[in-house]
Amino acid sequence: MKKEKGAFAWIMEFEGQKRKFYILSIILAIIGALCQMIPFLMIAHIISKLLGGETNFNAYLVDCLIMAVAWLIRVSFHSGSTACSHVATFSVLANIRKQGLMKMERMPLGAVQQFGSGNLKNILVERIDSIETTLAHMIPEMSGNLCAVLATLGFLFWIDWRMALVSLITFPIGMLCFMCMMIGYEKYYKRTVVATKNLNDTAVEYIGGIEVIKVFGKAKSSYEKFVAAAKEGAASYVDWMRQSNLYFTFSMNIMPATLITVLPIGGLLVRSGSLSQISFIFVTILAMGLITPIINCMAFSDDIAKLNTVIGEVTSIIDAQEMPRPQHSTSLPKDHIVTLTDVHFGYNEKEVLHGIDLTFREGTVNALVGPSGSGKSTIAKLIAAFWDVNAGSICIGGVDIRQLSAEQYYGLIAYVSQENFLFDDTIRENIRMGRLSATDAQVEQAAKDCGCWDFIMSLEKGFDTMVGCGGSHLSGGEKQRICIARAMLKNAPIVILDEATAYTDPENEAVIQASVAKLVKGKTLIVIAHRLSTIADADQITVVDQGTIAGTGRHEQLLDTCPLYQKLWSSHICAKDSL
């Protein structure tokens with residue numbers, strides 16, 4: 001599915017079983033459009049009777065009843081058409097969203113994070129929702145309006161081909177004005193898109209950073225930035241409207257003014273005897289409703305442009321590169337030893353890991369240390385399959401992780417980072433997400449083991465306390481402990497802790513470390529830490545420096561053989577002594 005297919009061809013890929021509703025919607029719209037012509041014809045018929053001297057009121061009453069019935073049928077069929085198109089459209093939007101979410105499951109987790117949660121939410125919710133009106137109304141209404149135009153034009157040619165052409169004279173003149181209105185469309189439209197995005201980003205930044213803004217006295221400058229973005233957002237539309245307003249006014253007034261040409265030319269033809277009075281009346285009334293349906297169709301031009309823009313944003317997700325994984329594992333690990341062999345990896349073509357060779361033995365505690373930006377977290381995230389390596393391999397139990405199905409592989413890994421997410425649910429259910437089959441007793445035991453019990457029980461509703469969106473009702477340390485409890489409950493054979501105790505106080509950090517030491521017996525534990533005293537007893541410490549391995553061994557060995565580790569340890573000790 002590519003954007004090159006065209007907007008509607010791409011969208012029709014998501015119709016599923018609801019295509020028949022679009023077809024039914026078009027049929028009902030066409031029938032409704034044909035019924036819409038009947039009142040015009042009946043009015044012309046009534047006028048012809050009046051000119052003929054008809055005085056029987058019942059004759060006019062029948063014509064009025066026919067108009068009323070035609071109007072009711074038209075309204076009913078239009079409502080049915082719109083209802084059917086909405087059913088199909090909601091199905092299309094749901095399928096697009098499902099496709100996007102399913103795609104995210106197959107994308108590298110790091111790539112998903114690079115999109116940004118706000119951007120993904122905006123595309124998959126607001127942007128997709130914004131095309132609902134276009135799809136639900138444009139398909140039936142354009143079908144009905146085009147049918148009405150063709151039927152009216154056909155009837156005009158049947159009455160008198162000369163008057164049919166005369167009734168179209170204002171259309172090309174109005175279209176010329178309309179085309180002038182479209183001059184610079186891409187430039188102006190692009191400006192509105194950029195300005196609107198900048199306004200949204202600035203608003204989110206201003207609201208999200210209001211605490212920092214107030215603390216550092218930057219309210220005025222930050223607000224001025226927001227005001228500037230708001231003014232540019234408004235100006236992008238105002239300037240566009242000013243440029244096109246004159247042409248729009250001429251276009252919308254000239255095109256439907258068919259009587260300007262129909263009345264004088266038709267009058268001359270009637271006077272010359274080449275056009276009957278009855279035909280002139282029919283032509284005059286039909287010509288009045290000829291151009292309006294065309295204008296209604298043209299009103300969707302902006303919606304079509306927006307549709308193309310939204311499709312481009314959605315396809316940026318749906319067509320994103322996937323992590324190649326088999327549906328079923330081609331081989332099974334014989335143990336849980338993690339091996340990295342000549343691993344190379346980079347972000348945006350800039351390599352950050354240069355030929356990493358590492359082995360993490362089963363049942364051991366392994367620490368990754370090094371300066372900020374050295375590549376520690378990147379190694380951990382590659383093991384957790386946030387991305388695939390650019391070169392080399394990562395194996396578990398002798399099996400390349402790319403040969404394992406995503407479901408099986410993620411069952412082997414429990415990953416806890418500095419920034420973890422809690423769902424807007426109870427504490428109990430957030431912990432239970434580590435293993436959905438866990439009982440309440442097992443959830444509570446995991447909380448006890450990770451030092452969460454006391455603070456949870458101090459809350460008014462205990463384990464049934466709602467944590468808020470993203471855990472907003474809890475402190476950073478409390479959220480972190482719940483995330484660790486969730487990871488421990490998963491009971492995965494490989495556990496990765498990326499600065500997992502960064503937000504905890506020293507007392508609880510000691511509790512967590514003691515509980516983790518008990519819970520990871522027999523497991524492969526990989527820890528990233530800046531506080532070197534917390535990993536001094538690790539079975540293996542790996543020093544990472546600028547994407548390479550500067551040293552590997554136990555604490556005492558590295559103090560003797562690795563200058564970088566000596567420097568890190570000395571800085572750590574000095575920092576502790578200065579407190």
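Residues: numbered from 1 along the sequence shown. Since the model is a prediction, treat every value here as computed from it, not as a measurement.
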* His328-Gln408 side chain donor-acceptor pair, cut-off 3.5 Å ->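 Their side chains do not contain a donor-acceptor pair, so the 3.5 Å distance test is not met.
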Checking [X] now: which residues fulfil side chain to side chain donor-acceptor pair (under 3.5 Å) with it, not counting sequence neighbours?
X      : value
Lys231 : none
Ser437 : none
His78  : none
Lys103 : Glu322

Please examine the side chains of [Y] and [X], heavy atoms only from C-beta on, and report whether any two atoms are closer than 4.5 Å.
X      : Y      : result
Leu459 : Ile427 : yes
Leu168 : Leu290 : yes
Val467 : Asp425 : no
Gln99  : Ile96  : no
Arg435 : Val443 : no
Thr330 : Arg402 : no
Tyr237 : Thr196 : yes
Ser91  : Asn95  : yes

Look at the side chain of [X] and the backbone N and O of [Y], then say whether any donor-acceptor pair between them is shorter than 3.5 Å.
X      : Y      : answer
Arg97  : Leu124 : yes
Asn145 : Ile294 : no
Asn198 : Val194 : no
Thr261 : Ser167 : no
Ser251 : Gly174 : yes

Could you go through residues 21-43 and list every donor-acceptor pair under 3.5 Å that involves a side-chain atom there, pairing it with any protein atom two or more places apart or in another chain?
residue	atom	partner	partner atom	Å
Tyr22	OH	Thr89	OG1	2.9
Ser25	OG	Ser81	O	2.8
Ser25	OG	Ser81	OG	3.0

* Asked: Checking side-chain contact (heavy atoms from CB on, under 4.5 Å) for the pair Arg325/Leu404: CA distance, chi angles, key distance, verdict?
  -> CA-CA 7 Å; Arg325 291 292 185 272; Leu404 300 173; 6.0 Å; no
* Asked: What salt bridge (Lys or Arg N to Asp or Glu O under 4.0 Å) pairs are there with at least one residue in residues 155-179, not counting sequence neighbours?
  ->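 Pairs touching residues 155-179 that pass the test: Asp160-Arg162.
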* To do: Not counting sequence neighbours, list each pair that qualifies as a salt bridge (Lys or Arg N to Asp or Glu O under 4.0 Å) and has a residue in residues 464-475.
  =>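 Every pair satisfying salt bridge (Lys or Arg N to Asp or Glu O under 4.0 Å) with a residue in residues 464-475: Arg428-Asp464.
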* Asked: Between His86 and His137, what is the ring plane arrangement, given parallel below 30°, perpendicular above 60°, and tilted in between?
  ->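 Perpendicular, since the angle between the ring planes exceeds 60°.
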* To do: Can you tell me which residue pairs pass the side chain to side chain donor-acceptor pair (under 3.5 Å) test with a partner in residues 277-294, sequence neighbours excluded?
  =>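 Residue pairs with at least one partner in residues 277-294: Ser276-Ser279.
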Using residues 148-159 as the side-chain source, report each donor-acceptor pair under 3.5 Å to any protein atom, sequence neighbours left out, with the distance given to one decimal.
residue	atom	partner	partner atom	Å
Thr152	OG1	Ala148	O	2.7

Check: residues 66-75 side-chain donor-acceptor pairs under 3.5 Å, at least two apart:
none

Does [atom1] in [X] sit with more than 12 non-hydrogen atoms of other residues, nucleotides or ligands closer than 6.0 Å?
X      : atom1 : result
Met179 : CE    : no
Glu407 : CD    : no
Met288 : CE    : no

* Please report the shortest heavy-atom distance between Arg432 and Thr439, naming the atom on each side. =>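 It is NH1-C, 3.7 Å.
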* Can you sort out the partners of Tyr188 under side-chain contact (heavy atoms from CB on, under 4.5 Å), two or more places apart, ordered by chain and number? =>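 Scan of Tyr188 (side-chain contact (heavy atoms from CB on, under 4.5 Å), adjacent residues dropped) gives Trp240, Gln243.
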* How would you list all residue pairs meeting ring-ring contact (aromatic ring centres under 6.0 Å, His included) that involve residues 243-283, not counting sequence neighbours? ->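 Matches after skipping sequence neighbours: none remain.
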